[in-house]
Amino acid sequence: MLNFEFYNPTRIVFGKDKVAELARLVPPDARVLVLYGGASARKTGTLDEVKAALGARTVTEFAGIEPNPTYETLMRAVEQVRAEKIDFLLAVGGGSVIDGTKFVAAAACFDGEPWDILLKRGSNVQRALPMGTVLTLPATGSEMNNGGVVTRKATQAKLAFSSSHCFPQFSVLDPTKTYTLPREQIANGIADAFVHTMEQYLTYPVQALAQDRFAEGLLQTLIEIAPGALAETPDYDNRANLMWTATLALNGLIGAGVPQDWATHMIGHELTALYGIDHARTLAIVLPSLMDSQRETKREKLLQYAARVWHITEGSDDQRIDAAIARTRSFFEGLGIPTRLSGHGLGREAVDAVVAQLTAHGMLKLGERRSITPDVSRAILEAAL
Ligand code: NZQ
Ligand code: ZN
């Protein structure tokens, strides 16, 4: 029986040259901190465009939010926010910059040690500074959701948080901003959005007919646009579809009222924290193996996925499931993303290390049925060697 609350206050301003709209979107009297990553925002000219649009407002910058943003770096931004009495944050970048900015927004208003926000998964966030984003990398959906993932370098802990106070007020999505992305990042974005959709879809049926069809539509769109997205010359319509599909994959809509898995993400986060593998690439290692491991609990949805997404209708139930898993694996491989630990030079030692970290982080009952214990995670990773 469907029964849920759905809330998403983020305004999306989508299209070419929309960065100029910041002039209207950011409060006129705001003291703005613009946060960004390494060199890309400056090199691509986006930072200059942003500053031009902000006009006469008081604007300062915080540079250097790294991929998989660290607590250590973000706390320096919190100090700057406090010292400069900043009252509006503007993230310019991909998921890492946006996630990091959400954390800064919450941490700047937090009483006590802000790492507790991660330990409590965000449930202790009472307030956050208002923020907006200019998205330069379609992948995470962070531009239209209330979650973030932060890594503590000192302990190699990569933990997620979410809070209703951490939605961006607005996000500017200009597909031409993706033109400077290297091919690997485009591939990552497609894979990440694909897995976000799968983790809210591939569970068990709950008569959520629209959510299912919508999720299948997003998966099929990603499959359809992948070759064009990886082509040498970027195409506006292709990138626009990629950008909006990635946003829709994790803005709450397909997840409304349905069981969700997220085990692939939790196992993947440990792989990134330990070995520095790009987020999306960790997911491509875990998901096909997890689908196989969970074929009994996910049986009905696996068959639905096989039929509706890949049009696999011949053979026994298990043959169709096998074929759907194989198609999923070859989809990732076709993006140039390895689906085995060995593809990253890792072996059995990595399995032990990841399982130890999952256990240390309390990831003892993952999956929509809470059936993925550390032993099951071990089996999933061993099958992905
Ligand atoms: O640092 P710069 O120089 O800006 O370079 C970045 C970075 O090296 C570069 N880049 C971004 N836009 C560019 C560009 N290069 C050229 N042209 C552009 N237009 O891309 C590199 C990767 O950026 P990053 O932000 O790290 O990638 P992504 O968007 O994939 O974000 C990954 C992070 O998001 C988290 C992940 O765990 C990871 O930490 N996630 C956040 C989620 C959420 N908030 O809902 C959900 C996701 O599952 C994910 O866990
Ligand atoms: Zn992800």
Side-chain angles (χ1 to χ4, degrees), residues 8 10 19 34-47 49 62-71 73-74 91-103 118 122 133-151 157-163 166-168 171 173-200 234 239 242-243 246-247 249-252 255 260-273 276-284 286-287 337:
N8 193 316
T10 304
V19 171
V34 177
L35 302 96
Y36 54 97
S40 82
R42 189 177 296 281
K43 226 167 59 187
T44 57
T46 304
L47 194 61
E49 255 181 86
F62 183 85
I65 299 184
E66 58 279 81
N68 310 303
T70 66
Y71 177 72
T73 299
L74 299 173
V92 180
S96 294
V97 172
I98 299 175
D99 283 11
T101 301
K102 289 176 183 174
F103 179 76
L118 280 313
T133 90
V134 175
L135 180 68
T136 63
L137 197 176
T140 64
S142 188
E143 65 278 6
M144 200 180 175
N145 69 37
N146 64 358
V149 192
V150 174
T151 300
K158 181 170 184 176
L159 300 178
F161 72 102
S162 65
S163 163
C166 292
F167 281 102
S171 284
L173 275 56
D174 176 346
T176 67
K177 295 291 166 211
T178 71
Y179 290 3
T180 52
L181 282 164
R183 198 169 180 272
E184 297 73 40
Q185 292 296 347
I186 293 285
N188 286 355
I190 295 169
D192 197 19
F194 194 92
V195 179
H196 293 159
T197 309
M198 291 289 270
E199 298 228 77
Q200 299 163 88
R239 292 295 171 88
L242 172 57
M243 208 169 212
T247 302
L250 197 50
N251 71 348
Q260 303 190 10
D261 183 342
W262 301 109
T264 298
H265 267 73
M266 294 308 117
I267 300 171
H269 286 167
E270 303 298 355
L271 279 165
T272 298
I277 303 171
D278 287 355
H279 169 64
R281 287 167 193 255
T282 67
L283 308 176
V286 180
L287 183 71
I337 297 182

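Note that the numbering runs from 1 along the sequence shown for the chain. In each ligand, atom 1 is the first atom listed, and ligand 1 is the first ligand listed. Note that these values count all heavy atoms, side chains included, but never hydrogens, waters or copies made by symmetry.
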Counting from 1 in the order shown, the ligand 1 atoms closer than 4.0 Å to a non-hydrogen atom of Lys177 are 19 (N)
Asn145 heavy atoms within 4.0 Å reach ligand 1 at atoms 43 (C), 44 (N), 45 (O)
Tightest non-hydrogen contact, residues Val195 and Leu287, listed as CG2-CD2, 4.2 Å
Nearest non-hydrogen protein atom to atom 21 (C) of ligand 1, with distance, is Gln185 NE2, 3.5 Å
Counting heavy atoms under 4.0 Å, the part of Lys158 that contacts ligand 1 is side chain
The expected count of protein N/O/S atoms at less than 2.8 Å from the Zn ion (ligand 2) is 4
* Asked: Would you say Lys43 contacts ligand 1, with heavy atoms under 4.0 Å as the rule?
  -> no
Leu250 heavy atoms within 4.0 Å reach ligand 1 at atoms 45 (O), 46 (C)
Under 4.0 Å from one or more heavy atoms of Thr180, ligand 1 contributes atoms 16 (C), 17 (N), 18 (C), 19 (N)
Closest non-hydrogen atoms of Met243 and Leu135, given as atom of the first, atom of the second and distance, are CE-O, 3.6 Å
Tightest non-hydrogen contact, residues Ser142 and Asp99, listed as OG-OD1, 2.6 Å
Among Ile186, Asn188, Asn251, Thr140, closest by heavy atom to atom 34 (O) of ligand 1 is Thr140
for atom 11 (C) of ligand 1, nearest protein heavy atom and its distance come out as Thr136 OG1, 3.6 Å
Judged by heavy atoms only, the candidate from Ala39, Ser40, Ala160 nearest atom 5 (O) of ligand 1 is Ser40
query: For Thr178, is the nearest heavy atom under 4.0 Å from an atom of ligand 1?
result: no
Specify whether Phe161 and Phe103 have parallel, tilted or perpendicular ring planes, treating 30° as the upper limit for parallel and 60° as the lower limit for perpendicular. perpendicular
In this structure, atom 47 (C) of ligand 1 is nearest to the protein heavy atom His196 NE2, 3.3 Å
Of all protein heavy atoms, the one nearest atom 39 (O) of ligand 1 is Asn68 OD1, 3.1 Å
Taking only non-hydrogen atoms of His269 and a 4.0 Å limit, the atoms of ligand 1 in range are 37 (O), 50 (O)
Closest to atom 41 (C) of ligand 1 by heavy-atom distance, out of Val97, Leu181, Asp99, is Asp99
Here the gap from Gln185 atom CD to Thr180 atom OG1, rounded to the nearest 0.5 Å, amounts to 10.5 Å
**Report entry** Contact with ligand 1 for Gly147, non-hydrogen, under 4.0 angstrom
**Finding:** yes
Atom 29 (O) of ligand 1 sits nearest the protein heavy atom Gly95 N, 2.7 Å
To the nearest 0.5 Å, atom CG of Leu283 lies from atom NE2 of His196 at 6.5 Å
- Derivation and outcome, side-chain hydrogen bond (donor to acceptor under 3.5 Å, both in side chains), residues Thr151 and Asn68: CA-CA 7 Å; Thr151 300; Asn68 310 303; 5.7 Å; no
closest protein heavy atom to atom 1 (O) of ligand 1 is Gly38 N, 2.7 Å
In this structure, atom 7 (C) of ligand 1 is nearest to the protein heavy atom Pro67 CG, 3.9 Å
Contact region, Thr151 to ligand 1, non-hydrogen atoms below 4.0 Å, reads neither
Applying side chain to side chain contact (heavy atoms under 4.5 Å, CB included) to Thr176 and not counting sequence neighbours gives Lys16, Asp174, Tyr179, Tyr236
OG (Ser96) and CG (Leu35) are apart, to the nearest 0.5 Å, by 13.0 Å
Taken in chain and number order and not counting sequence neighbours, the residues that satisfy salt bridge (Lys or Arg N to Asp or Glu O under 4.0 Å) with Lys158 are none
One should read off an interatomic distance between Thr136 OG1 and Leu181 CG, to the nearest 0.5 angstrom, of 6.5 Å
Under the 3.5 angstrom rule, does the side chain of Asn251 hit a backbone N or O of Met144 as a donor-acceptor pair?
no
Q) Can a donor-acceptor pair be found between the side chains of Glu143 and Thr247 at a distance below 3.5 Å? A) yes
Out of Gly94, Ser96, Pro69, the nearest non-hydrogen contact to atom 24 (P) of ligand 1 is supplied by Ser96
Note to self: Just by distance, no angles: are the side chains of Asp278 and Asn188 close enough, under 3.5 Å, to form a donor-acceptor pair?
What the structure shows: yes
Minimal heavy-atom distance between Gly189 and Ala139, with the atoms involved, is CA-CB, 3.5 Å
Atom 27 (O) of ligand 1: closest protein heavy atom, distance to 0.1 Å, is Leu137 CD1, 3.4 Å
Those residues at least two apart in sequence (or on a different chain) that pass side chain to side chain contact (heavy atoms under 4.5 Å, CB included) with Glu49 are Val19, Lys177
To the nearest 0.5 Å, atom NE2 of His265 lies from atom CD of Gln260 at 11.5 Å
